[in-house]
Amino acid sequence: LRLGNLILAISLATVPTAITYGTLSIHGLNICRNLSSKITSADKIKEKCDEAAWDTTKSYIFLIGFFITLPTWMWFYLSMKKKVNQSK
């Protein structure tokens, strides 16, 4: 029951995790674009900033997935537990 609900929660959490990951990536790249427009000769800075933005977003992917999956799993687990208890 727990493992099945966890697998279901992980599969359902992939879309919100991907959306959050994409949003954070776009946000980071927008910050780099705005920064490079304020600095003269910012070609090297923009490249490094874009790289740092992607690296930062990648480092949070598991944390994002965890915080999206955990409440989903708990909701599935509690609702199934309630159904099991009602049928007894």
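Side-chain heavy atoms closer than 4.5 Å link hydrophobic residues (I, L, V, M, F, W, Y) into clusters, and following such links, even through other members, never connects Leu63 to Tyr21. No single ILVMFWY cluster, assembled from side-chain heavy atoms under 4.5 Å apart, contains both Ile10 and Ile61. In terms of hydrophobic clustering, with Ile, Leu, Val, Met, Phe, Trp and Tyr side chains grouped at heavy-atom distances under 4.5 Å, Phe66 and Ile64 are assigned to a common cluster. Put simply, Ile26 and Trp54 are part of two different groups of oily side chains (I, L, V, M, F, W, Y) that touch within less than 4.5 Å, one to the next. With hydrophobic clusters built from ILVMFWY side chains whose heavy atoms lie under 4.5 angstrom apart, Leu78 shares a cluster with Ile68.
Counting Ile, Leu, Val, Met, Phe, Trp and Tyr side chains that sit under 4.5 Å apart, directly or through other members, Val15 shares a hydrophobic cluster with Ile19.
Contact record, Cys32 with Ala53: SG-CB, 4.2 Å, taken as the closest heavy-atom pair.
Put simply, OG1 on Thr69 and CD1 on Ile7 are 12.5 Å apart, with the number rounded to the nearest 0.5 Å. Taking CD1 from Ile31 and CG from Asn34, the interatomic distance works out to 8.0 Å, rounded to the nearest 0.5 Å.
Within the structure, side-chain hydrogen bond (donor to acceptor under 3.5 Å, both in side chains) pairs that include any residue of residues 55-66 do not occur (at least two apart or interchain).
Lys82 is listed as a side-chain neighbour of Gln86, based on a closest heavy-atom distance under 4.5 Å.
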